[in-house]
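Any value given below was found using the heavy atoms of this structure, including those in side chains, with hydrogens, waters and symmetry copies removed. Every chain is numbered from 1, with letters handed out A, B, ... down the list of sequences.
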2 protein chains.
Amino acid sequence: MATLDQIKEKVILHWGEMGSLWGINRTMAQVHALLFLSDEPLCANDIMEELQISRGNVSMALRELISWGLVTRLHIKGERREYYTTEKDVWTMGRIIARERKKREVDPTINMLRESMAELETMPPSEGAYEREQVKNLLTFFETGVDVYKDLEAHKPNSILKLLGAALKVKKLSS
Amino acid sequence: MATLDQIKEKVILHWGEMGSLWGINRTMAQVHALLFLSDEPLCANDIMEELQISRGNVSMALRELISWGLVTRLHIKGERREYYTTEKDVWTMGRIIARERKKREVDPTINMLRESMAELETMPPSEGAYEREQVKNLLTFFETGVDVYKDLEAHKPNSILKLLGAALKVKKLSS
DNA sequence: TCCTGTTTTCAGTAAATTCTGAAAACTTAG
DNA sequence: CTAAGTTTTCAGAATTTACTGAAAACAGGA
């Protein structure tokens, strides 16, 4: 029979593993999960204690999470310490993560591909035809992804995604 | 003035960096990029030489890529060595990657969340109400993602994604 | 101003991941 | 079967990444 704390720990550890599969470091993901499951904001001490990690590590993880826009710092009046919370709505959370990953990974890749394409086009047509073709396809692929992303973003994806989810559920029931 | 090889190298290195941001190791991503840009299949020796890595490393990277379904082994008649190619269509490639990541990351996460949810539901209603709420939201989020994925999969995403790309392009031009 | 509690920084250490290279295993030809 | 060419495996080395903890910096309060 699992206690609440054991269940929380399981979720937090798993989230940490997932994070490290995704280029986000384990601790950062764990801190995020801990805050996500916490009803009230936590201070650095709480986090240290819950996750058994050093003060410095907490500080670095929080800095990163803040830079992603996933965590916000709270000054609680009368309190000397800072408190932290995370975005609690999963759809908004998903949107933030998508935005950041696009910015950090997709955009630079598109730039690189455009540059490469430009360079490839200065070459004699006889040379590198296949490479040109493939780089172009890759570029189109990423650009389409960005278009889809922007479209969702423009239409307030919260509602769109929720609707989509509901629609698919109905469809599943009726089929 | 960049040569063809220099351009290829740039793309390959960048793809490697992206890979390591995504929990795929650098070498594996580089091998993938090299094959993707190669008109003809390559053998282990070619790869070693192009990427300046050891034979063992090539072998391991290929094994992984094959297990992802991104690379296939070719027996060329009259040749003793094995040759390797990768899926050349970007849309299919994207689909394969999505399928694998779902299998390796999303499915286990959903299982874990379902388990946690079940455990949380055996607890007295007064305890862990917030945690229950949040785990449930997370679960719905991932389940919706899977539903969307399945829907795309069922409809042969090649065409759907290409169409979507085209549609968005038209929309952009007309707005 | 100084004092106290707090957060941040960062050099050094620890841990995890990746890579090498040589040996073993496998494969095909003769 | 043996030999030669090729791939795989894996222990240890190298590299990269993450973490600690102590010192520095910071932020009120008195």
Side-chain angles (χ1 to χ4, degrees), chain A residues 12-35 41-68 71-86 104-105, chain B residues 12-35 41-68 71-86 104-105:
Chain A
I12 290 170
L13 291 182
H14 185 103
W15 200 248
E17 290 314 311
M18 282 306 106
S20 70
L21 274 178
W22 276 71
I24 284 166
N25 95 37
R26 203 172 313 241
T27 303
M28 187 178 152
Q30 286 181 2
V31 172
H32 176 242
L34 175 61
L35 291 172
L42 302 178
C43 68
N45 263 341
D46 298 334
I47 298 171
M48 275 176 74
E49 205 171 303
E50 291 270 3
L51 303 181
Q52 300 284 11
I53 57 180
S54 72
R55 178 167 292 286
N57 202 4
V58 170
S59 175
M60 291 188 296
L62 286 171
R63 170 162 28 124
E64 271 293 286
L65 285 165
I66 290 169
S67 93
W68 275 64
V71 163
T72 48
R73 199 189 295 271
L74 290 177
H75 296 273
I76 293 187
K77 66 179 179 185
E79 272 284 1
R80 192 94 175 242
R81 287 180 247 185
E82 315 256 19
Y83 281 75
Y84 304 88
T85 3
T86 191
R104 291 158 197 248
E105 296 153 27
Chain B
I12 290 169
L13 292 181
H14 184 102
W15 201 248
E17 291 313 312
M18 281 306 106
S20 69
L21 273 177
W22 276 71
I24 286 164
N25 94 39
R26 202 173 314 243
T27 303
M28 185 178 155
Q30 287 180 1
V31 171
H32 176 242
L34 175 62
L35 290 172
L42 302 179
C43 68
N45 264 341
D46 297 335
I47 298 171
M48 273 175 76
E49 205 172 301
E50 291 269 4
L51 302 182
Q52 301 282 10
I53 57 179
S54 73
R55 178 167 291 285
N57 201 4
V58 169
S59 175
M60 290 188 297
L62 286 171
R63 170 165 24 126
E64 270 293 288
L65 285 164
I66 291 169
S67 93
W68 275 63
V71 163
T72 49
R73 201 186 295 270
L74 289 179
H75 296 271
I76 292 187
K77 65 179 177 184
E79 274 283 3
R80 193 91 175 247
R81 286 179 245 184
E82 314 255 22
Y83 282 75
Y84 304 88
T85 3
T86 190
R104 292 158 196 249
E105 296 153 25

A:Leu62 versus A:Ile47: any side-chain heavy-atom pair under 4.5 Å? yes

Measuring to OP1 and OP2 of [N], would you say a side-chain N or O of [X] lies under 4.0 angstrom away?
| X | N | result |
| --- | --- | --- |
| B:Arg26 | C:dT18 | no |
| A:Thr27 | D:dA18 | no |
| A:Asn25 | D:dC19 | yes |
| A:Arg63 | C:dT7 | no |
| B:Arg55 | D:dC10 | no |
| A:Arg81 | D:dG28 | no |
| A:Ser59 | C:dT9 | no |

For the pair made of [atom1] in [X] and [atom2] in [N], what is the distance, rounded to whole Å?
| X | N | atom1 | atom2 | answer |
| --- | --- | --- | --- | --- |
| A:His75 | D:dG28 | NE2 | P | 8 Å |
| B:Asn57 | D:dT8 | CG | C1' | 13 Å |
| A:Ile76 | C:dT6 | CD1 | C1' | 15 Å |
| A:Ile53 | D:dT20 | CD1 | P | 7 Å |
| A:Glu79 | D:dA27 | CD | C1' | 14 Å |
| A:Arg73 | D:dC26 | CZ | P | 14 Å |
| B:Leu51 | C:dT18 | CG | C1' | 15 Å |
| A:Asp46 | C:dT6 | CG | P | 12 Å |

Run A:Tyr84 and A:Leu65 through side-chain contact (heavy atoms from CB on, under 4.5 Å) and show every step you take. CA-CA 10 Å; A:Tyr84 304 88; A:Leu65 285 165; over 6 Å; no

Considering all heavy atoms, the nearest A:Gly16-A:Gln30 contact: CA-CG, 3.8 Å

For a quick test of reading the model, state the closest non-hydrogen atom pair linking B:Glu79 to B:Tyr83 and the distance between them. OE2-OH, 3.5 Å

If you only use heavy atoms from C-beta on, which nucleotide in C:dT20, C:dT9, C:dT7 is closest to the side chain of A:Met60? C:dT9

Which nucleotide in the set C:dT20, D:dC19, C:dT9 lies at the smallest distance from any side-chain heavy atom of A:Ser54? D:dC19

For A:Ser20 and for A:Asn45, locate the closest nucleotide of DNA chain C by heavy-atom distance; then report the residue assigned to the nucleotide nearer the 5' terminus. A:Asn45

Donor-acceptor pair under 3.5 Å, B:Arg80 side chain vs D:dA4 base: yes

Apply side-chain contact (heavy atoms from CB on, under 4.5 Å) to residues A:Val31 and A:Val71 and explain how you reach the verdict. CA-CA 10 Å; A:Val31 172; A:Val71 163; 5.7 Å; no

